[in-house]
Each structure stands twice: as C-alpha cells, then as structure tokens.
Amino acid sequence: MDHRKLVLIPTFNEKENILEMIQAVMNLSGGFELLVIDDGSPDGTGDLVKSQQNTYPQRLHLLEREGKLGLGTAYITGFKWALERGYDYIFEMDADFSHNPNDLLRLYAACVDGGFDLAIGSRYITGVNVVNWPMGRVLMSYFASVYVKFITGLPVKDATAGFKCYHKSVLAGIKLNEVRFVGYAFQIEMKFTSWKLGFKIVEVPIIFTDRTKGISKMSPGIFKEAGFGVILMKIKSIFSPYQLNQNGLTE
C-alpha cells in the first residue's frame, strides 16, 4: 500500500541547513513530503523554502508563523495540518542533520512492517549513540530519560528524542489542544500520552550527530520545564486518566 508520508521540520534561523535538508528528504525513495513550519526566521529560512517549492510541487510545503512560538506549538500546528489532509504517517525531525534523513525509511518500516503505532529514533536503546556532544550534555540527556522512567514508568530509553514516526491514529487519538509543553517536556508528553492511550511504541537505534552548521536553540528554561513537567504529567495521570480523543481529528 502506498501510504502518504509527511515529514515535519520546525525552523528558526536554519538557512545554513534547510536547502540541503530539503534535497535530502526529497531524494528519498517512497515519495516523502515535507512541511516546514518556520517561526518568522529573520535569516530568510522561509524564503529559501519558497525558492524550492516550484522544484518540488505538491511535495514541499511551508507554514509561516509570526515570531518564535516554540517547538511544541510548531509540531501541534503541523500535526493538525497533516490530519486535516489525510496523511497516514507523520514524522518529526530536526533541520540541522542531527537526525539522518535516511533513517526516516527505518522509522517508517518499523511502523509498517513491525505493526507499531509510534517509532522513536533512539540514541540510547543500544548504548549511547551520540556524536560531537560534550560529555555533560550527553549525561544530562541520558539521565533525563532515566528520571522520566523513574517518575512516570514510561518504558522508553530515550524519552526526550525528537525523531519520530507516528501513525495518524496516534495523533488523532491525542487531544492536541491539551498538550501544554514546548521543549524537551513536549517530546516527553507526547510519548507518555501515546503510551497511556495504549498505542504500540518501538525504539529504533540511530546515531545522533550534533549540528555542524547554525546555532543550537537549547536553553536552560527547556530543561527546567522538563524537570517539573514530568512530575505534573504523573500527577495528572493519577487524578485524570488519559482518554482517546473522540471529538474530531484536530481537537
């Protein structure tokens, strides 16, 4: 069956990477489409995407937002856009090549061939597969996942991973308007909610390579949000059990 596949890439000042990333995704077998959600990048990232749309008609899409509104809201916007247009599999991926575009095929295969609803590109399922990160950041990321599992019970080795393939049923089943977090906590919240709703999750080993072009968007506030957000998610799950969205695809 020829599934409709859409890759979501949020951007803010990614002019050094975006053209190469567009070409990499467009050159994959299987007819992947790409939606860039740009938060008003002052470096002209959005204009670079527009310059390629005639080259890849009906496959390269762009949503432009006013100002830097955050990773989580960018993905929620992309999820709703994808569901409204009937895509079967929706992917999250970074613009900076820390995620290898070729691994999109492996995530897709894990869902289609393995029968999973959510495939996670995991840095930690087979040890620590991270390149060019300072040791302090590796340890922070790794033990963040240990912390998440300890607090919530989420059976995932890489809880903060941002490289994922969702079957549309997962995103349709989540009450997207109730997703509250933005950075690492957003990634954790989506996995935790998917798990609590009973969807089948698999981790696919990847090698994560830190960006070589452009500037990282990480900030101390993202880590703070994740630390407190995990506790709030656990408390919410106790007093307000998760239920499938029954009120329309994009609630």
Side-chain angles (χ1 to χ4, degrees), residues 3 5-10 25 28 30 32 71-72 75 78-79 88-94 96-133 137-171 173-174 179 181 183-211 218 222-223 226-227 229-230 233-234 237 242:
H3 298 114
K5 301 177 288 294
L6 181 69
V7 181
L8 306 180
I9 298 184
V25 174
L28 291 173
F32 285 83
L71 181 75
Y75 275 127
F79 294 157
D88 299 301
Y89 289 93
I90 299 94
F91 301 77
E92 292 183 21
M93 190 170 72
D94 291 347
D96 61 5
F97 284 91
S98 55
H99 303 143
N100 186 339
N102 292 328
D103 286 331
L104 289 167
L105 296 167
R106 298 174 60 234
L107 295 180
Y108 174 62
C111 286
V112 175
D113 299 334
F116 291 95
D117 304 305
L118 169 59
I120 300 166
S122 178
R123 297 163 291 188
Y124 306 127
I125 192 65
T126 56
V128 178
N129 294 318
V130 177
V131 178
N132 293 338
W133 259 10
R137 189 168 174 185
V138 172
L139 292 173
M140 184 178 294
S141 173
Y142 178 83
F143 283 106
S145 292
V146 173
Y147 168 74
V148 170
K149 185 173 184 179
F150 176 75
I151 297 294
T152 69
L154 177 67
V156 170
K157 294 282 189 179
D158 194 351
T160 62
F163 194 18
K164 293 181 278 184
C165 172
Y166 296 93
H167 185 262
K168 62 184 178 182
S169 61
V170 180
L171 300 178
I174 293 174
V179 176
F181 297 113
Y184 269 6
F186 166 79
Q187 301 292 7
I188 298 165
E189 184 177 10
M190 289 297 294
K191 296 181 189 69
F192 182 70
T193 305
S194 301
W195 174 57
K196 280 294 184 180
L197 291 175
F199 291 106
K200 296 172 62 180
I201 302 173
V202 65
E203 290 184 84
V204 177
I206 64 162
I207 296 175
F208 179 97
T209 304
D210 195 20
R211 68 163 63 235
M218 295 298 296
I222 289 176
F223 293 103
V230 168
M233 280 186 286
K234 179 60 177 178
S237 72
Y242 286 78

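These numbers come from the heavy atoms of this one structure, side chains and all, not from hydrogens, waters or symmetry mates.
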Original post:
What is the distance from atom CG of L154 to atom NZ of K234, rounded to the nearest 0.5 Å?
Top reply: 10.5 Å

Original post:
Under 6.0 Å between ring centres, would you say that holds for F192 and Y242?
Top reply: yes

**OP:** List the atom of L8, the atom of G78, and the distance in Å for their closest heavy-atom pair.
**Re:** CD1-C, 3.7 Å

Original post:
How close do Y75 and G162 get, heavy atom to heavy atom, and via which atoms?
Top reply: OH-O, 4.2 Å

**OP:** Check L105 against L28 and note the closest heavy-atom contact, atom names and distance.
**Re:** CD1-CD2, 4.2 Å

Original post:
Has the side chain of E203 got a donor or acceptor atom that lies under 3.5 Å from a matching backbone atom of D158?
Top reply: yes

Original post:
Run the side chain to side chain contact (heavy atoms under 4.5 Å, CB included) check on T209 and N132 step by step: do they pass?
Top reply: CA-CA 6 Å; T209 304; N132 293 338; 4.1 Å; yes

Subject >> Expected output: side-chain D94 to main-chain D96 donor-acceptor under 3.5 Å >> reply: no

Original post:
If you take all heavy atoms of A110 and F116, which pair is closest and at what distance?
Top reply: O-CD1, 3.4 Å

Subject >> Heavy-atom pair of closest approach, residues L104 and F163 >> reply: CD2-CE1, 3.6 Å

**OP:** Look only at the side chain of S98 and the backbone of F208, and say whether a donor-acceptor pair between them is shorter than 3.5 Å.
**Re:** no

Subject >> K164 side, atom NZ; H99 side, atom NE2 - distance, nearest 0.5 Å >> reply: 10.0 Å

Original post:
Looking at F181 and G229, what are the two nearest heavy atoms and their distance?
Top reply: CZ-CA, 3.5 Å

Subject >> Residue pair E92 / P10, side-chain heavy-atom distance below 4.5 Å >> reply: no

**OP:** Could you check if a side-chain atom of V25 sits within less than 4.5 angstrom of a side-chain atom of M93, using non-hydrogen atoms only?
**Re:** yes

Original post:
Would you say the side chains of T160 and R123 form a donor-acceptor pair under 3.5 Å?
Top reply: yes

Original post:
Thinking salt bridges, do K168 and D88 make one under a 4.0 Å N-O criterion?
Top reply: yes

**OP:** Please determine if K5 forms a cation-pi arrangement with F32, meaning its NZ or CZ atom is less than 6.0 Å from the six-membered ring centre and no more than 45° off the ring axis.
**Re:** yes

Original post:
Could you go step by step and tell me if M233 and I151 meet the side chain to side chain contact (heavy atoms under 4.5 Å, CB included) rule?
Top reply: CA-CA 9 Å; M233 280 186 286; I151 297 294; over 6 Å; no

Subject >> K157 NZ to Y142 OH distance, which is reported to the nearest 0.5 Å >> reply: 6.0 Å

Original post:
K191 side chain to Q187 main-chain N or O, any donor-acceptor pair under 3.5 Å?
Top reply: yes

Original post:
Between T193 and V179, is any pair of side-chain heavy atoms under 4.5 Å apart?
Top reply: no

Original post:
How long is the span from the SG atom in C165 to the CD1 atom in I90, to the nearest 0.5 Å?
Top reply: 8.0 Å

Original post:
Mind checking whether F79 and Y166 have ring centres under 6.0 Å apart?
Top reply: yes

Subject >> Distance, nearest 0.5 Å, that separates CG of D103 from CD1 of I207 >> reply: 8.5 Å

**OP:** Output the distance between atom CD1 (I188) and atom CE (M190), rounded to the nearest 0.5 Å.
**Re:** 13.0 Å

**OP:** Flag yes if more than 12 heavy atoms outside L139 fall under 6.0 Å of its CG atom; otherwise flag no.
**Re:** yes

